[in-house]
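Report on the structure given below.
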Amino acid sequence: MPSVQSSTASTTAPLRMYSFMGGGLFCAIVGNILLVVSTATDYWMQYRLSGSFAHQGLWRYCMSGKCYMQTDSIAYWNATRAFMILSAMSCFAGIIAGILSFAHFSAFERFNRSFAAGIMFFVSTLFVLLAMAIYTGVTVNFLGKRFGDWRFSWSYILGWVALLMTFFAGIFYMCAYRMHECRRVAGPR
């Protein structure tokens, strides 16, 4: 009877590990899409200016149906742009490492790809957190006082949702790494 129980436990552990990796990969792909959409779109903030509605993103601002490039080199926009781009790039690198973690190459035995993917997702989370914190702080303290009737819009909200998705991707991959390490340390039974 114990041999049946141990064989069942040894077959379900890899399935759970792959489930964590699959969940992490799903969160990472959704998070990366949200990062790109959030960074590229023009709806980070909406406000009323001279009686008409206007909106702005990291790259352009739009008033009365016409959009214009933001040519001002303002430090908080540049920092937010840079951190959002770095976040998307590190998330993409994590996705590649996450996909490779499903393959078992003997050349990579000392390098655990699920651990590397988890770290890349946490780095992506850190970058998007910095971007959102900078943008939020400056908008609330400076732009919010300049425009009386304003609000954050859907591009901004997507940035926060992307932060959660990349964070959970990192958690899932770290759980998969932990399961792999526990299995490796326990050895074959």
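For reference, positions follow the sequence shown, starting with 1. Atom set for the values below is all heavy atoms of this structure, side chains included, hydrogens, waters and symmetry mates excluded. This structure is a prediction, so every number in the text was calculated from the model and none was measured.
- For Arg151, there are no salt bridge (Lys or Arg N to Asp or Glu O under 4.0 Å) partners two or more places apart in sequence or in a different chain.
- Partner of Leu34 under the side-chain contact (heavy atoms from CB on, under 4.5 Å) criterion, chosen from Thr39, Leu163, Leu164, Leu158: Leu158.
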Report the C-alpha separation of Trp44 and Ser38 in whole Å, then their side-chain angles, then the decisive distance to 0.1 Å, and conclude whether the side-chain contact (heavy atoms from CB on, under 4.5 Å) test is met.
CA-CA 8 Å; Trp44 279 62; Ser38 175; 3.4 Å; yes

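- Note: Leu35 CG to Phe127 CZ = 12.0 Å, rounded to the nearest 0.5 Å.
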Criterion side-chain contact (heavy atoms from CB on, under 4.5 Å) on Phe20 and Ser114, from CA distance to verdict
CA-CA 10 Å; Phe20 279 124; Ser114 61; over 6 Å; no

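- Closest of all the heavy-atom pairs between Met63 and Ala54 is CG-CB, 3.6 Å.
- Taken from CG in Leu130 to CD1 in Ile134, the straight-line distance is 6.0 Å, to the nearest 0.5 Å.
- For the side-chain hydrogen bond (donor to acceptor under 3.5 Å, both in side chains) test, residues two or more places apart in sequence or in another chain that qualify with Ser155 are Thr41.
- Of all heavy-atom pairs spanning Val128 and Gly159, the tightest one is CG2-O, 3.8 Å.
- Across all non-hydrogen atoms, the minimal contact from Phe172 to Cys27 is CE1-SG, 3.8 Å.
- Side chains of Tyr61 and Met45 form no contact here, defined as non-hydrogen atoms less than 4.5 Å apart.
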Checking Ile171 against Phe122 for the side-chain contact (heavy atoms from CB on, under 4.5 Å) test, could you report, in this order, the C-alpha distance in whole Å, the side-chain angles of both residues, the deciding distance, and whether it holds?
CA-CA 8 Å; Ile171 293 290; Phe122 286 138; 4.0 Å; yes

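- Between Gly94 and Met120 the shortest heavy-atom distance is CA-CB, 3.6 Å.
- Residues passing the ring-ring contact (aromatic ring centres under 6.0 Å, His included) test with Trp154, sequence neighbours excluded: Tyr43.
- Summarising the geometry of Ser153 relative to Gln46, their closest heavy-atom pair is OG-CD, 3.4 Å, with the distance given to 0.1 Å.
- Residues Leu129 and Phe167 have side chains not in contact (no heavy-atom distance under 4.5 Å, counting atoms from C-beta outward).
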For a quick test of your reading: what N or O donor-acceptor pairs under 3.5 Å do the side chains of residues 82-91 make, sequence neighbours left out?
residue, atom, partner, partner atom, Å
Ser87, OG, Ser124, O, 2.9
Ser87, OG, Ser124, OG, 2.9
Ser90, OG, Leu86, O, 3.1
Ser90, OG, Ser87, O, 3.1
Ser90, OG, Ser124, N, 3.4

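- By the 4.5 Å heavy-atom criterion applied to side chains, Phe168 and Val30 are not counted as neighbours.
- Counting only heavy atoms from C-beta outward, the side chains of Tyr173 and Ser101 approach each other to under 4.5 Å.
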Go through Met174 and Ile119 one step at a time and tell me if the side-chain contact (heavy atoms from CB on, under 4.5 Å) criterion holds.
CA-CA 8 Å; Met174 286 301 168; Ile119 292 297; 3.6 Å; yes

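- Minimum heavy-atom separation, Gln70 to Arg60: NE2-O, 3.3 Å.
- Side-chain contact check for Tyr47 versus His55: every heavy-atom pair is 4.5 Å or farther apart.
- Asp42 contributes atom CG, which lies 13.0 Å from atom OH of Tyr68 (distance to the nearest 0.5 angstrom).
- For the ring-ring contact (aromatic ring centres under 6.0 Å, His included) test, residues two or more places apart in sequence or in another chain that qualify with Phe152 are Trp150, Tyr156.
- Counting heavy atoms of neighbouring residues, nucleotides and ligands inside a 6.0 Å radius, atom OH of Tyr76 exceeds 12 of them.
- Distance check: Leu58 CG to Arg81 CZ gives 6.5 Å after rounding to the nearest 0.5 Å.
- The side-chain hydrogen bond (donor to acceptor under 3.5 Å, both in side chains) test applied to Thr125 returns Thr166, not counting sequence neighbours.
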